[in-house]
Structures are given as C-alpha cells and as structure tokens.
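One structure is given here, and the rest of the page talks about it.
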Amino acid sequence: MTTHKPSTAAKQEEPSVGIVSPNQVRLFQPPHVLKLANGAALGPITIQYETYGRLNAKKDNAILLCHALSGDAHAAGRHAPEDPAPGWWDTAVGPGKALDTDEYFILCANVLGGCKGSTGASSTDPATGRPYGLSFPIVTIGDMVECQKALVDHLGIPKLLAVVGGSMGGMQALEWAVRFPEKIQAAIPVATTYRLSAQGIAFNAVGREAIFADPNWKRGDYYGGEAPASGLAIARMIGHITYLSDKSMHEKFGRELRHREEYAYNFETEFQVESYLRHQGQKFIQRFDANSYLYITKAMDYFDMTDNFPSLRASLKRTRAKFLLLAFSSDWLFPPQEMRDIAGALRANGADVTYLEIKSDYGHDAFLLETEEVTRAMKPFLRYLHRGGHGAHRGAAEGGVL
Amino acid sequence: MNEEQAPARAGSENNEGLQRNDFRTVLDLVEPGSRVLDLGCGDGTLLQLLRARKQASGYGVEMDQRLIMECIARGLSVFQGNLDEGLRDFEDQSFDYVILNQTLPAVHRPAYVLDEMLRVGKMGIVSFPNFACWRVRWHLLTRGRMPVDEIIPYEWYDTPNIHHLTVVDFEEFCRKQGVAIRRAFYFRQLSRGHAVTRMLRPNLRAGYALFVIAREP
C-alpha cells in the first residue's frame, strides 16, 4: 500500500502523495479465465495498480482513475525521492487536489494489454514460457474494464464513488457506466468520445504502420533483441501532433530554429518543433513497448458504444450514474461536439448530467494541462456527490485558490 | 438600489434567492415534480430552489464557465451552451417549463430563442427588465445618459444586454411570433415589494415583467 504522507516532504513544495509503491495482483486464475470480446479466453492476468489516500470504513470514497494510451498505474507521487518526475497526473491527484487524497481513496491500474506491470504482449505466456508477442489476443476497452472491475472486487470495494478518465481513460469511464451501472455512483469522462472517429482511427493506423515498417519489429517477435524503436518513436511523434492544437504549436515553437539563426539548408533537426517531436519520440521508446502500442491503439479503434444499439441514447440507457463531462474547446482529436452528443443523449434519457466545455488552446493535451479549470469543476462535483449539499460552496471557493 | 444587486449568500441554501420577486413568482407557477429547463441559469440559485421546494427535475444552460462551476457545487445538471445556437441537443416538448429569466435582452436572436423555448417546452416563462419604466425614462430625460441602476446594472459599453425592450414591445413581439401570453406578472423592483398580476400602466410603472407564454393554439 502507499505511504500516505511523506515524512521527508519539503515544506515549501506542492502538496504530494509522496513516495508510493506499486502493487500487483493476479486475477482470472484458471479456470476462472476472462472471456474476451473477441471470444478468446485469457488468464491468469496480472494487473499493476497504485492507490493513494485511504479507503474509509464505509468504503464509499473510492475513485477509479483510468489512464490514457501511454499512461500507467503511476498517477501520482514518486517511486523514489530521486525520480525526476512524479506520476502522470500528479497535478490533480494529491492532498487538496482535484482528486483529493485527504477525502478519497484513489485507485489507478495499468490497463490490460499495457506494458507497465499489467499483462500484455510483452508478458510471458504461461503456456510457452516466452513473451506473448502477437499471440496475445486483441483486447478491447470493455476487456480492460472487466479487469478493473475484478480488481475493485478484489479490493473489497462494493461501489465506486466515481470513475474518472481522460481520452482513452474516458472511454473506460463511459464503459464502466453502462457495463456495471450498479457499481458506480458517478462518471467523469474527460476529453473523450463514445466512438473513435475515422480521423482518430487514421492516426492510430499510421502509427501502427510505422511500427510494422520497422525491420526490428519482426512481426512482434523482437523480445530479447533490438526493439522497433524508430517505428515506435514515429508513432509517438504522430500522436503528439494530434495532442496539440495549431495555435499551441505556433505559440510553443513558431518557426523557431534551434542552435542557429539562419537556415542550414540540410536535413538536420533544425526547427524547434522537429526537435520537440524527436525528443518526445526518443523519450517514449525508453518506457513503452511497441506491441503494447499496437494493441492499445487497436482497442481504441474498436471502441464504439453504439455497437449493437440503434442509437447512442439506447446504448446509454442502462447507466444510473451521475455524469460530469469535460471537453476542451481546441481538442480536435476528441472534439467537444462528440462530448455534447453524449451529454445530449444522457439528458434525453433523464440522466443527471453536466457538460462543460473548458476554453483552452492546448488541444487534446488540455486535459492534462488545464489543471486549474479541471479542478474547479471536478472538486465541487465530487464533494457534492460524496457529502451532498453540505459544504458544497466551500468546495467551489477552494477550487478557486488552487 | 445598488446594494440589492449582490444576491445574499448567507443563510440556508434552500432559502437563497427567495427575496427575489422573479424567483418567487417562478416557484409559485411551477407545479411540483415538473421538468424544468432554465436558460441562462447563472449560478443555479433558481434551479436549486425549484429542486428543493418543488421537487422539480431540472437542467440549466449557461455560457459562463465560472457560473457553471457554481452550479456543479450545488449538485445541479448544467449544459454549457450558447442559446443563440439553439437547443439542438434537446428534444421537442421534453420539458414542462422552459425559463428565460433576465436573459432575453442578452440573446442575439430573440425570435429564434423564443421559438426554440416553445419547441422544447410546453410552456415558457420569460422575465426581463422593462426599459420603459419611469425610473429609466427619468434618468434618460434628466441626465441624458444610459441608466445604470438595479434595472440596468451595466455600463453601456460593458453589458451583455444588447436588446433592451419594454413591456409593450414584448407583447407586440409575441403577437407577431404567434406566441400567446397566458399570464403576466409585474414588479417594481427585483428584491423588494411583491409581484402583481394587475398593474395600472405597467409599461410605465413596472421595473420588471414576467410572462408565461405558450404556442398560439
């Protein structure tokens, strides 16, 4: 379990959950294997997770946080004091933050198919003793959610206060709401969609092609040898283009050159934006598995809540959750209109739903960067949910100081 | 008059806003358990009153991000949206009442918004400050400047209100739009006195008017 407050926290530093350590659990032990959406059976499945804050006696303060494509279970704090960076959403998870660890028990797990401790293509197949590679079955957002549900059950949590997630994490939050309506009180899908658009699939497809084209990929059988790093780096560079907006790119880089005043008239990494993308690609290959990238992007491509339903509204009929939908004005990868469609369908069903489009120039990345606005919305929402009207206004005011 | 603009925040949340004539009138009108849509719901004070006192299930539409966050803190359901873009996410006749409280002067397309209100709701409630009130007329006549007081609490260059109107203007507008006025309420000030259904020369004496409207049969 996690150390709630670090004993050596520097006083002037931003509040933090401090030093945390990941946990692992083996679920779906044969014969109780997981039946996947594609019909295959998978088990045992290891899920890596982290928790922050404390589960209260009533066990009604648990919030599941779902990560995006390249995220992992390490959402907040540091594994060691010397870690250069904290978890991926440290700005929003911690004492007094949007997901307030003084109030709530936050749970974040690496998705099925991931490469950060949960079972995925790079894990050892117990049948062969070798890494799965492409023999790993195709998994879906629904399959990921099934694993999270098994983890929640394992931890003895009868009902989640909320499921929160951005981007692919938001898909999981939506999936939870319809798959396990009696298990969640609220859902906060952020910068997400009910079905990935053709454009979204297209970008994912190009990323996968870059990996396929890397000679080191070897149809996924590269473990123990050279990884398809250049393919994965290109995939990540494409991803990063889609996470920014035209405006944020212009403001961040413009046409700035690095190291020089004049054009070099050659193919070196010359423009700042080139250098940024290259850097992002190089950073990513240190920490991510190319096959995982293939599997997870494919899971996103397959996500369509309206599959087997006549309408979006019909697909959302089962949910009993209260919703807070957060979209960002300049997000063109997961456009606000798709979030509006979800909100409209939920409202037509009579659901309790709030839709907020936060003004931001950061594009899709806004969901990780607009912490102040996200906090202002999320914190009072959760407070009202957990405590009812009591102190609701205090919540709004507190959100403002952050 | 100005000191009355700031809504009192103290006291029980369920009583907040009760001093306002427009809110009290709406509360009297709406039957318990109604489905209510509040357009330009602001910080959600009215919706909260309707929920607490009339068990109304309600949604709000609001443009201002900060005000929406206040609504969230009250546990209300709110949609961020621009009324001038219509209510395209809302289905026909899906609400008992659609409320446009003190918001009509701020919309760019009043005819379209009114039309959308009566498409989505069975009845509409519209309340607005009366620009023909004697106090406004007097201010203009004597000082020759745009009035800034409780009725028009903004400087001309910094106002969301782009369509000032009068009681008579609204009545004529409804006739042209094929909208029936079912009931009318007048009050002289927002948070003092009380609303009346009959007033001698309301276009001169009412500071505010509130109308219940429906589609002409």
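We name chains A, B, ... by the order of the sequence lines, and we start the count at 1 in each one.
Between A:Arg340 atom CZ and B:Gln80 atom CD the span is 8.5 Å, to the nearest 0.5 Å.
Residue B:Ile68 touches chain A through its side chain alone, counting heavy-atom pairs closer than 4.5 Å.
In terms of heavy atoms, A:Tyr384 sits closest to B:Ile72 at CB-O, 4.3 Å.
Interface with chain A: from residues 82-91 of chain B, residues B:Arg88, B:Asp89, B:Phe90, B:Glu91 qualify, criterion being any non-hydrogen pair under 4.5 Å. Of residues 170-193 of chain A, no residue lies under 4.5 Å from chain B by any heavy-atom pair. Contacts of residues 54-66 of chain B with chain A at a heavy-atom distance below 4.5 Å involve B:Tyr59, B:Gln65, B:Arg66, listed in sequence order. Of residues 351-362 of chain A, those residues lying under 4.5 Å from chain B by any heavy-atom pair are A:Ala351, A:Asp352, A:Val353, A:Thr354, A:Tyr355, A:Leu356, A:Glu357, A:Ile358, A:Lys359.
The 12-atom threshold is not exceeded at NZ of A:Lys247, counting heavy atoms of other residues, nucleotides or ligands nearer than 6.0 Å. Counting heavy-atom neighbours within 6.0 Å of B:Asp28 CG, excluding the residue itself, gives a total above 12. A 6.0 Å sphere centred on CG of A:Asn56 holds more than 12 heavy atoms belonging to other residues, nucleotides or ligands. For NE2 of B:His163, the number of neighbouring non-hydrogen atoms (other residues, nucleotides, ligands) closer than 6.0 Å is greater than 12. At most 12 non-hydrogen atoms from other residues, nucleotides or ligands lie less than 6.0 angstrom from CZ of A:Arg195.
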